[in-house]
Amino acid sequence: MRGATASSPQATPEQTEAVSTIEAADRPWVTIVWDDPVNLMHYVTYVFQKLFGYSRATADRLMLDVHHKGRATVSTGTREKAEMDVFRLHEHGLWATMQQDN
Amino acid sequence: MIRRRQRPAAFQRVGDRTLIRLEEEERLILVDLAGQFRSVVADDHDPGLRRLYPTAYPDDTDQNDDYTILVHDDLVTARLAAIDSVLATTGNQSIDAGELVSWMDMFSGLRLLVGTRLDVCEDDVFDPEDADAPSRALLAWLGYLLEEAVGVAGEFLPVDRSDL
């Protein structure tokens, strides 16, 4: 990553790339749960409550998003947090993936 | 509103424990199922298991390989521990909250294995003439048990929850 040069008032291509590298690293990671034809709706709601501390209402809303829309974002944070959330969801049999937020 | 049941609930909360209200035959079936499931999980090569170890990074094979190397053994170990907890308690009159979570993990994991092998769809209709009928009946029975267990487990969640 390179810093700005004193004599250049406009951003060089290297600076622009450096800034976008920082921005990419700062973008949060999201954990997504995907619908599947086996898991029970009540079980999915329970797992969301248990793992993330959501109220029953919020957990139900997320579960219904998964059920009707095919997927839902269930948490946001650092890459490490997302990997841990994905792991815990996999432990409970849910299909979860992670990606950087757009 | 009180919902009437045709039969007693399979699980019932009593204080901080859960009563297991299963018949002897049902408990024996669960012992057999848990043992079979344990073998499949421990052997770790059945293609039906793939749903238990899904991808984490769908767009990046390298990152996903790293993730899998990191967590696969932990997922296997955790699942075996849950099955062993069930095997140790199928004869119990009651189980504690941690054991209830293990029972639910076993029901949900075994349903995923059976469901993956059957390649089920959400709108499948049960056909008793189908060669798959016994497996589909098993899937439904485990679903009933899981539904009952979740009903009790929800009562053990802390009352004060924070929203998003």
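Below, chain A is the first sequence line, B the second, and so on; all start at residue 1.
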Checklist entry - So, B:Thr89 side chain and B:Asn92 main chain: donor-acceptor pair closer than 3.5 Å or not? => result no
Item to check | Pick from A:Thr76, A:Thr45, A:Leu94, A:Val47 with the largest number of heavy-atom pairs that fall under 4.5 Å of chain B | outcome: A:Leu94
Checklist entry - Rounded to the nearest 0.5 Å, what separation is found between the OG1 atom of A:Thr58 and the CD atom of A:Gln49? => result 9.0 Å
Item to check | Spatial distance of atom CE (A:Met84) from atom OG1 (A:Thr31) [nearest 0.5 Å] | outcome: 11.5 Å
Item to check | Residue of the set B:Gln12, B:Arg17, B:Arg13 for which side-chain hydrogen bond (donor to acceptor under 3.5 Å, both in side chains) holds with B:Ser94 | outcome: B:Arg17
Next on the checklist: Heavy-atom cut-off 4.5 Å, strictly under: side chain, backbone, both or neither for B:Arg79 against chain A?
Outcome noted: side chain
Checklist entry - Can a donor-acceptor pair be found between the side chains of A:Thr97 and A:Trp34 at a distance below 3.5 Å? => result yes
Checklist entry - Hey, does the side chain of B:Asp132 reach the backbone of B:Ser135 with a donor-acceptor pair shorter than 3.5 angstrom? => result no
Next on the checklist: Are there residues of residues 34-41 of chain B whose heavy atoms fall under 4.5 Å of chain A's heavy atoms? If so, which?
Outcome noted: none
Checklist entry - Where does A:Arg88 contact chain B at under 4.5 Å (heavy atoms): side chain, backbone, both or neither? => result neither
Checklist outcome for this item: From the list B:Tyr57, B:Phe107, B:Tyr53, the residue making the most non-hydrogen contacts under 4.5 Å with chain A is B:Tyr57
Checklist entry - Do B:Phe156 and B:Leu100 have side chains that get closer than 4.5 Å, going by heavy atoms? => result yes
Checklist entry - Which atoms of B:Leu118 come close to chain A, meaning under 4.5 Å heavy atom to heavy atom: side chain ones, backbone ones, both, or neither? => result neither
Checklist outcome for this item: Of the listed A:Leu89, A:Val86, A:Leu40, the one with the largest count of heavy-atom pairs under 4.5 Å with chain B is A:Leu40
Checklist entry - Can you tell me if B:Thr55 uses its side chain to pair, donor with acceptor, with the backbone of B:Pro58 under 3.5 Å? => result no
Next on the checklist: Between A:Ile32 and chain B, with a heavy-atom cut-off of 4.5 Å, which part of the residue counts as in contact: side chain, backbone, both or neither?
Outcome noted: neither
Next on the checklist: Is there a salt bridge (Lys or Arg N to Asp or Glu O under 4.0 Å) between A:Asp35 and A:Arg71? Walk through the geometry before answering.
Outcome noted: CA-CA 6 Å; A:Asp35 192 22; A:Arg71 50 168 282 177; over 6 Å; no
Checklist entry - Side chain, backbone, both or neither: which part of B:Leu75 has an atom under 4.5 Å from a heavy atom of chain A? => result both
Checklist entry - Can we say B:Arg136 and B:Asp127 salt-bridge, meaning some charged N sits less than 4.0 Å from an Asp/Glu carboxylate O? => result no
Item to check | Residue part contacting chain A, namely of B:Val114, when any heavy atom lies under 4.5 Å | outcome: neither
